[in-house]
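Scope of the values below: all heavy atoms of this structure, side chains included, with no hydrogens, waters or symmetry mates.
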Amino acid sequence: MSENTPDTVFHHPSGVAVHTTVEAFQLTAKMHPDQVALRTPGGIQEITWREYAQRVEAIALGLVTLGVRRGDTVGLMLRNRPEFHLVDTAIAHLGAVPFSVYNTSAPEQLEYLFTDAATRIVVTEQAFIPVVKRSGVDLAHIIVVDGPAEGAIELRDVEAQPDDEFDFQAAWRAIESDDLVTLIYTSGTTGPPKGVEITHRNVIAAAESVSAELDAGFDDRIISYLPAAHIADRVSSHGANQLRGIQITSVADPREFAAALPDVRPTIFFGVPRVWQKIKAGIEVKLAEETSPVKSKLAGWALDVAARGAKADLAGRPRGKALDVQYQVADRLVLSKVRAALGLDQVELAMSGAASIPVEVIEFFVGLGIPIIEVWGLSETTGAATKTSADDLRVGTVGKAVGGVELKIAEDGEVLVRAPIVMRGYRNKPEKTAEAIDADGWFATGDVGTIDAEGNLTIVDRKKELIINESGKNMAPSNIENAVKAFSSLVSQVVAIGDNKPYVSALVALDPDVCALRAKALGVPAAQIADLVGREEIVKEVAEAVRAGNAKLSRVEQIKRFVIVPAAWDPGGDELTPTMKLRRKPIAAKYADTIGDLYAESPGPAVINLG
């Protein structure tokens, strides 16, 4: 930090201004030592703040015995579980650098990550030990958190062998703001992952940037289900827990997050757009399965009232007395019960980020009584750089800059950010760092956007993903894709294609959960996605969604042909990153023949031609 750079502090709930996450953690743990800090659904595992702090020290001292020193990196390959928070926090207290890898990583990917990070110790679970070993990286130790495993040390044995001569208090007090707190390896949608270096200052600044609007603390609850290797979970759950005392319930299988909601009844909930879409789809499916005509009609009426109320609210128009009364009745009879059944009846802050969310999804949840705050940011900005607010959702934008953040638009439309939340740089890539952050501290985000007169940012798309058709027309693929996804829960993913092409076409991937319900309704409950893609009923539903999406787009943006792919796209697979972003280049390569058929003069039978 230069002499001219103002210090960055977080105003901790204790009243103390803190400079590092470990300083914040120590204060947090002392405030309410007997409250539960970490848990799993059903309270099967519960760890109080006192136990949390004690185990952090024990693990840290055990890691010292194994040779971990200040500045060392330690890799974590763990599902969402309390041990992640214990181990990560312990490593940070030594001034070492914990970092997570995605659990879907292949051995070759682990080799790259562990080598780039120069890590000699990996903390993992029994299930992941084979893939860690197949990475071929020369590791000094593998620590396993869930029982004995050949060639690994149990975490409990690490805790039982402390270095009693090491001064734990002096170690964490010596940590400085500009020391690294973690590495976030980008998902690698366009190339090898880059290690984003996040400092204590970055995390502290990120927490302080929303302090004026986020009054969260020990009475708040959040579910941790997104990968710990992603900045969203790293900041919204792990960081919020350390700095504010928010209770975390860890859900090991991300597919089970919805089942855990009624147990946790979170007050804060973060979901990527696909998560919110799946919740919406689940509600629609439940209502469709209602056998009572009276209940079905009442639910339909309530959702219609909710939709009309949401449209008025979001347009800034008064609902009017009649609609307001109708909404109160709908809320009492139906909407409040839906929120309670979901486990979202106590949510005070609902957020979406990591990708653009269809406007229709936001409207649906506003009507349901759950206004979704949209945040925008990247790993390189330690999460949110902008946000909307519950009383000013500004749908279609990602809101205004959070505290301490400057925004501007470059000549080519790229969004630039300057703030204390901007990363230190990319690990081992000084040239990439220099390309991304200029001499004046402006970080080039790679997103193209606009800023209106009130300071609201609208993201058009990723700069490298814009479609330019053969006539030179620029189009944002995400705009096209969201238009379609908004109209059918059956549609999981859409990939708009059209770069240097005469028209836009698309690949459509189906949602496996909704497919299972459709298969049951069609009388073929054992049918797989590959069996369903050619069925007339499925093709018709997808075609109707594409046509409805097209109606919201300009003529040049409209999808003329599409193909329904015969398999689900899973997070961490060939087509999607672990956080469900499209891997466009790998998709283009994998489906090259299919894409060619979409532009053939005489396309094959799988191609649906809308004219």
Side-chain angles (χ1 to χ4, degrees), residues 71-77 88 97-119 122 135 137 178-203 206 226-235 272 353-355 376-385 410 414-439 441-448 459 461-465 571-572 574 576-586:
D72 290 349
T73 57
V74 179
L76 306 179
M77 190 172 189
D88 186 285
V97 186
F99 71 99
S100 290
V101 298
Y102 289 107
N103 298 334
T104 53
S105 300
E108 298 77 16
Q109 293 171 314
L110 293 182
E111 179 187 18
Y112 170 84
L113 296 170
F114 293 153
T115 301
D116 187 68
T119 191
V122 172
S135 72
V137 176
D178 290 322
D179 288 338
L180 291 184
V181 70
T182 195
L183 300 171
I184 298 291
Y185 278 92
T186 59
S187 300
T189 57
T190 57
K194 297 188 289 291
V196 177
E197 295 184 322
I198 301 295
T199 66
H200 287 267
R201 180 188 305 281
N202 293 147
V203 176
L226 294 171
H230 190 267
I231 194 66
D233 194 73
R234 178 89 206 181
V235 173
V272 296
W376 170 81
L378 302 91
S379 300
E380 291 90 338
T381 62
T382 322
E414 185 170 5
V415 183
L416 307 181
V417 175
R418 183 166 65 180
I421 60 174
V422 172
M423 65 170 181
R424 189 169 81 179
Y426 294 118
R427 189 171 186 85
N428 302 323
K429 292 179 172 58
E431 72 291 344
K432 292 289 186 183
T433 301
E435 288 175 14
I437 305 174
D438 70 17
W442 288 100
F443 167 63
T445 65
D447 280 344
V448 173
I459 298 297
D461 215 320
R462 293 294 291 170
K463 186 176 177 180
K464 294 180 180 179
E465 294 177 358
D574 293 340
L576 301 178
T577 71
T579 52
M580 294 183 274
K581 293 178 183 176
L582 293 169
R583 298 188 192 271
R584 295 186 188 273
K585 286 187 177 179

Hey, could you give me the CD/CD distance between Glu111 and Gln109, rounded to the nearest 0.5 Å?
11.0 Å
Is there a side-chain contact (heavy atoms from CB on, under 4.5 Å) between Leu183 and Glu197 once you walk through the steps?
CA-CA 5 Å; Leu183 300 171; Glu197 295 184 322; 3.7 Å; yes
Are side-chain heavy atoms of Arg427 and Thr73 found at a separation under 4.5 Å?
yes
What heavy-atom pair brings Asn202 and Pro420 nearest, and what distance separates the two atoms?
ND2-O, 2.8 Å
Restricting to non-hydrogen atoms, name the atom on Tyr185 and the atom on Tyr102 that form the minimum distance, rounded to 0.1 Å.
O-CE1, 4.2 Å
Would Val101 and Phe114 satisfy side-chain contact (heavy atoms from CB on, under 4.5 Å), going step by step from the backbone distance to the final call?
CA-CA 9 Å; Val101 298; Phe114 293 153; 4.0 Å; yes
Applying side-chain contact (heavy atoms from CB on, under 4.5 Å), run through Val415 and Val448 and close with a yes or a no.
CA-CA 6 Å; Val415 183; Val448 173; over 6 Å; no
Closer than 3.5 angstrom, by distance alone: can the side chain of Arg424 be matched with the main-chain N or O of Leu180 as a donor-acceptor pair?
no
Worked verdict on Asp116 versus Asn428 for side-chain contact (heavy atoms from CB on, under 4.5 Å)
CA-CA 7 Å; Asp116 187 68; Asn428 302 323; 3.2 Å; yes
Taking the side chain as every heavy atom from C-beta outward, state whether Arg462 and Leu582 have any pair of such atoms under 4.5 Å apart.
no
Hey, are the side chains of His230 and Ile184 touching, using non-hydrogen atoms and a 4.5 Å cut-off?
no
Spacing of Lys464 atom NZ and Lys585 atom NZ [to the nearest 0.5 Å]:
7.0 Å
Shortest non-hydrogen contact between Thr104 and Gly572, atoms and distance
OG1-CA, 3.7 Å
Nearest heavy atoms of Gly441 and Arg418, plus distance in Å
O-CG, 3.5 Å
Minimum heavy-atom separation for His200 and Val181, please, with both atom names.
CE1-CG2, 3.7 Å
Heavy-atom check, side chain of Met77 versus side chain of Leu110, under 4.5 Å:
yes
Solution key, residues 376-384 side-chain donor-acceptor pairs under 3.5 Å, sequence neighbours excluded:
residue, atom, partner, partner atom, Å
Trp376, NE1, Asp447, OD2, 2.7
Glu380, OE2, Tyr426, OH, 2.6
Thr381, OG1, Leu378, N, 2.9
Thr381, OG1, Leu378, O, 3.1
Thr381, OG1, Gly383, O, 2.7
Thr382, OG1, Ile421, O, 2.6

Sub-4.5 Å side-chain heavy-atom contact between Ile437 and Met423:
yes
Report the distance from atom OG of Ser135 to atom CG of Leu113, rounding to the nearest 0.5 Å.
10.0 Å
Just to verify, which of Arg584, Lys581, Arg583 counts as forming a salt bridge (charged side-chain N to carboxylate O under 4.0 Å, His left out) with Glu465?
Arg584
Pro98 and Leu76 have their tightest heavy-atom pair at CB-CD1, 4.3 Å
